[in-house]
There are 2 protein chains.
Amino acid sequence: MRPTAKQVAELAGVSTATVSYVLSGRDRRVGAETKQRVLDAAARLGYTPNQAARSLRRRRTQRVCLVQGSFGGVPTDERLARDLHEMADGHGYSVVTLAVYSEARAVAAVDVLRGGIADAVLVNNVGDHLTEELLAQVVSARLPTVVIGNGPVPPGCDVVRAPETEVSAEAVEHLIAQGRRRVAFLAQRYELYRDRPIGRLLGYHTALDRHGIEQRTVVSGADDRVSAYQAATGLLRSPDPPDAVFAASDRAAISTIWAVRDAGLRVPADVAVVGVGNIDEGLITNPQLSTVGPIRHDYTDVVRLLFDRLQAEEPPPAREIVRPWTFVRRGSS
Amino acid sequence: MRPTAKQVAELAGVSTATVSYVLSGRDRRVGAETKQRVLDAAARLGYTPNQAARSLRRRRTQRVCLVQGSFGGVPTDERLARDLHEMADGHGYSVVTLAVYSEARAVAAVDVLRGGIADAVLVNNVGDHLTEELLAQVVSARLPTVVIGNGPVPPGCDVVRAPETEVSAEAVEHLIAQGRRRVAFLAQRYELYRDRPIGRLLGYHTALDRHGIEQRTVVSGADDRVSAYQAATGLLRSPDPPDAVFAASDRAAISTIWAVRDAGLRVPADVAVVGVGNIDEGLITNPQLSTVGPIRHDYTDVVRLLFDRLQAEEPPPAREIVRPWTFVRRGSS
DNA sequence: CTGTTAGCGCCTTCAA
DNA sequence: TTGAAGGCGCTAACAG
């Protein structure tokens with residue numbers, strides 16, 4: 001059995017209260033020699049406080065939870081995770097992560113959160129599975145919640161938006177201004193199964209609408225590199241191939257560059273390519289990748305929102321951050 | 001305040017015991033109408049059992065923990081996560097993930113694990129940070145532990161090995177057999193800072209040793225695509241450029257293919273390229289990527305190991321799985 | 001079929 | 001400077 005505070009207390013010849021005070025660092029004046037005896041006893045037994053018991057008593061877990069779509073993510077997700085871990089460390093919190101890559105996982109994650117696994121939640125771009133309704137269940141459990149994403153969120157949580165529609169439209173207008181008229185869109189799955197276009201897809205349509213361009217080609221495939229390559233190859237082989245591809249992710253755009261070159265065509269002369277994400281990898285492609293994405297890859301402001309809310313005496317009003325995005329023109333367009 | 005079982009009991013006009021039995025599904029015969037009243041009351045209050053209290057009482061969390069290096073991982077990691085979540089679901093367990101991308105994170109993770117966040121642990125390839133000594137602390141907390149990785153592990157845990165050294169040597173010998181004599185190695189950081197070569201690097205040296213080839217070039221850069229591109233470019237520009245590159249990851253190998261082509265050279269005519277990982281993306285490069293890696297991307301056997309151990313009455317003997325690896329020759333070599 | 005009760009391990013107030 | 005004791009919310013053994 002794992003050692004308990006009681007066993008440490010017996011070994012040290014003190015009460016469990018003293019053990020608790022010494023090990024949790026709460027300040028109460030404890031004799032130096034007593035303190036040492038407790039520390040020795042704890043070390044000898046390999047004692048670690050039972051967090052379930054501690055959480056029950058303190059009504060706090062001293063943990064925050066990151067809700068992440070998957071582990072095959074983009075570098076941006078990794079940066080977010082690091083910023084969160086770093087600030088959590090500084091505040092004496094641990095971080096646990098829940099993976100939500102399907103509706104079923106979202107439901108399971110909400111149960112775990114409502115069960116009290118953590119004191120606050122940071123939800124990263126899993127809006128397609130973690131619906132507003134499910135999020136509302138999290139918020140109603142009085143969990144401070146920050147959501148990164150452009151979907152609807154329930155009242156009471158902070159939200160971090162990205163102007164992806166607007167900047168995507170800007171990128172597509174740039175393609176149009178070059179004289180491109182057959183612009184195809186390589187979509188992420190979750191943008192497709194909707195009544196009306198949203199996000200990057202909406203930006204695509206908006207730009208073409210503005211210029212009265214009728215021709216639209218939207219195909220799925222931006223979710224992974226292999227699908228993107230295949231989708232792009234399919235487009236290029238079609239009877240009326242595109243002269244530009246706007247891909248909903250940089251990874252898909254890079255696969256598109258490959259596909260164009262493998263088809264014996266040139267980027268950007270024959271086909272222009274633009275991605276979304278502004279990842280570093282766009283700097284090593286040939287030509288370098290034009291992209292739409294965040295100016296800075298830094299999430300300290302987002303994470304600060306979470307800890308502000310976590311440590312506030314009473315719930316602050318819901319706040320919204322809009323992250324600065326921009327279109328970065330490089331060689332591929 | 002979050003509702004408690006006591007409040008549900010009062011609303012339903014029953015005892016907390018009945019609430020507990022109804023909601024935890026433990027079988028005890030409960031009247032149909034009573035049961036319904038409890039369910040209604042729970043739903044009305046939005047009750048979710050406090051997991052800290054439940055864990056404390058049951059001495060089980062009904063959770064398993066995945067310890068993962070990072071979230072910018074390879075597709076393989078994602079597959080492992082999915083297989084784990086799936087089987088956990090089937091057994092009524094939740095999954096929480098801890099990120100260990102540094103020594104500091106490893107220490108923090110061990111604390112959290114020893115604090116009892118989960119009932120079992122699956123450690124995925126974080127051997128460089130999560131040392132044998134730290135793992136021993138986890139095992140000594142009586143946590144069933146399965147470790148994926150080729151590093152040393154403490155007694156009492158199951159381990160999953162990959163014959164990466166042997167198959168890497170095979171790949172390099174294949175390059176030698178083609179007449180390549182200036183074979184460079186693109187290394188991951190953690191393989192470099194050692195007294196003696198291990199893993200893929202060891203395979204590289206072994207093959208060259210066998211054939212009495214003196215020339216060795218080892219550079220860092222296989223950890224991410226951008227570094228790999230830069231490292232490969234550096235190699236190609238050196239006075240004595242390689243005629244083959246063995247990269248410690250497929251992602252690095254793919255960057256190397258780009259670098260070779262951007263340098264105006266041909267793959268494999270001028271420079272052969274081989275990676276490690278056997279990821280699907282190797283099928284869409286041009287030429288297709290030769291690689292060293294697992295035959296199947298399936299972790300159900302590994303995950304089963306974990307649940308076997310978790311549900312065993314008494315600790316089974318430590319088991320070892322060796323995953324089948326192979327060299328897959330494709331167009332790049 | 002249902003209620004009562006004794007803790008799980010820890011923290012923290014109160015008393016000494 | 002330290003100890004005694006109650007209780008966080010839940011479960012499971014025991015009573016009825």
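Proteins come first, then strands; the chains are lettered A, B, ... in the order of their sequence lines, and each starts at number 1.
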Engineer: Identify which nucleotide among dC10(D), dG3(D), dG7(D) has an atom closest to any side-chain atom of Arg57(A), counting heavy atoms from C-beta outward.
Structural biologist: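 Output: dG7(D).
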
Engineer: How many whole angstroms separate atom CZ of Arg29(A) from atom C1' of dT2(D)?
Structural biologist: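 Rounded to the whole Å, the gap is 13 Å.
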
Engineer: Less than 4.0 angstrom from a charged side-chain N to a carboxylate O is my criterion; do Arg44(B) and Asp40(B) meet it?
Structural biologist: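 Salt bridge between Arg44(B) and Asp40(B), a charged N being under 4.0 Å from a carboxylate O: no.
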
Engineer: Using a cut-off of less than 4.0 Å, is there contact between a side-chain N or O of Arg59(A) and OP1 or OP2 of dC8(D)?
Structural biologist: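 Looking at the OP1 and OP2 atoms of dC8(D), neither is under 4.0 Å from any side-chain N or O of Arg59(A).
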
Engineer: For Ala5(A), which contact category applies under a 4.0 Å heavy-atom criterion: base, sugar-phosphate, or nothing?
Structural biologist: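 Sugar-phosphate contact only - Ala5(A) comes under 4.0 Å of backbone atoms but never of a base.
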
Engineer: Look at the aromatic rings of His85(A) and Phe71(B) and report parallel, tilted or perpendicular, splitting at 30° and 60°.
Structural biologist: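 The rings of His85(A) and Phe71(B) sit tilted, inter-plane angle from 30° to 60°.
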
Engineer: Is it the case that the side chain of Asp223(B) and the backbone of Arg189(B) share a donor-acceptor pair, with hydrogens and angles ignored and the cut-off at 3.5 Å?
Structural biologist: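 Side chain of Asp223(B) to backbone of Arg189(B), a donor-acceptor pair under 3.5 Å: yes, one is there.
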
Engineer: For Val14(A), answer base if it contacts any base atom (sugar-phosphate contacts may also be present), sugar-phosphate if it contacts only those atoms, and nothing otherwise; contact means non-hydrogen atoms under 4.0 Å.
Structural biologist: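 Here Val14(A) touches the backbone only, sparing every base.
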
Engineer: Answer with base, sugar-phosphate or nothing: what part of the nucleic acid does Thr18(B) contact at a heavy-atom distance below 4.0 Å?
Structural biologist: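 Thr18(B): backbone/sugar contact only, no base atoms under 4.0 Å.
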
Engineer: When you check the gap from the basic side-chain N to the acidic O, do Arg82(B) and Glu78(B) get nearer than 4.0 Å?
Structural biologist: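 A salt bridge is present here (some side-chain N lies under 4.0 Å from a carboxylate O).
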
Engineer: Name the closest nucleotide to the Thr16(A) side chain, picking from dA5(D), dT2(D), dC10(D).
Structural biologist: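 Out of dA5(D), dT2(D), dC10(D), the nucleotide with an atom closest to Thr16(A)'s side chain is dA5(D).
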
Engineer: Name all residues meeting the side-chain contact (heavy atoms from CB on, under 4.5 Å) criterion together with Arg319(B); count only those two or more places apart in sequence or in a different chain, and write none if there are none.
Structural biologist: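 Arg319(B) satisfies side-chain contact (heavy atoms from CB on, under 4.5 Å) with Asp158(B), Leu305(B), Asp308(B) once adjacent residues are dropped.
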
Engineer: Considering only NZ, NE, NH1 and NH2 on the basic side and carboxylate oxygens on the acidic side, decide whether Asp119(A) and Arg60(A) come within less than 4.0 Å.
Structural biologist: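 Salt bridge absent between Asp119(A) and Arg60(A).
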
Engineer: Kindly say if Tyr47(B) contacts the phosphate of dC10(D), meaning a side-chain N or O under 4.0 Å from OP1 or OP2.
Structural biologist: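 For Tyr47(B), the contact criterion (side-chain N or O under 4.0 Å from OP1 or OP2 of dC10(D)) is met.
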
Engineer: Whole angstrom is fine here: how far is it from CD in Gln51(B) over to P in dC8(D)?
Structural biologist: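 About 19 Å, once rounded to whole Å.
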
Engineer: Classify the ring geometry between Phe307(A) and His91(A) as parallel (under 30°), tilted (30 to 60°) or perpendicular (over 60°).
Structural biologist: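 If you compare the ring of Phe307(A) with that of His91(A), the planes turn out parallel.
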
Engineer: Checking the side chain of Arg296(A) only, and the main-chain atoms of Arg323(A) only, is there a donor and an acceptor separated by less than 3.5 Å?
Structural biologist: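 Absent.
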
Engineer: Mind calculating the distance between CG (Leu23(A)) and P (dT2(D)) to the nearest angstrom?
Structural biologist: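 Going from CG in Leu23(A) over to P in dT2(D) covers 14 Å.
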
Engineer: Answer yes or no: is there a donor N or O on one side and an acceptor on the other, between the side chain of Asp128(A) and the main chain of Tyr190(A), under 3.5 Å?
Structural biologist: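 Side chain of Asp128(A) to backbone of Tyr190(A), a donor-acceptor pair under 3.5 Å: no, none is there.
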
Engineer: Can you give the first and last nucleotides of DNA chain C, 5' to 3', that have an atom under 4.0 Å from a heavy atom of chain B?
Structural biologist: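 In short, chain B contacts DNA chain C from dC1(C) to dG9(C).
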
Engineer: Tell me which residues in residues 30-38 of chain B lie within less than 4.0 Å of DNA chain D, going by non-hydrogen atoms.
Structural biologist: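 Within this stretch, nothing sits under 4.0 Å of the strand.
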
Engineer: Nearest-nucleotide wise, let me know which of Leu56(B) and Ala17(B) is further upstream toward the 5' end of DNA chain C.
Structural biologist: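 Result of the comparison: Ala17(B).
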
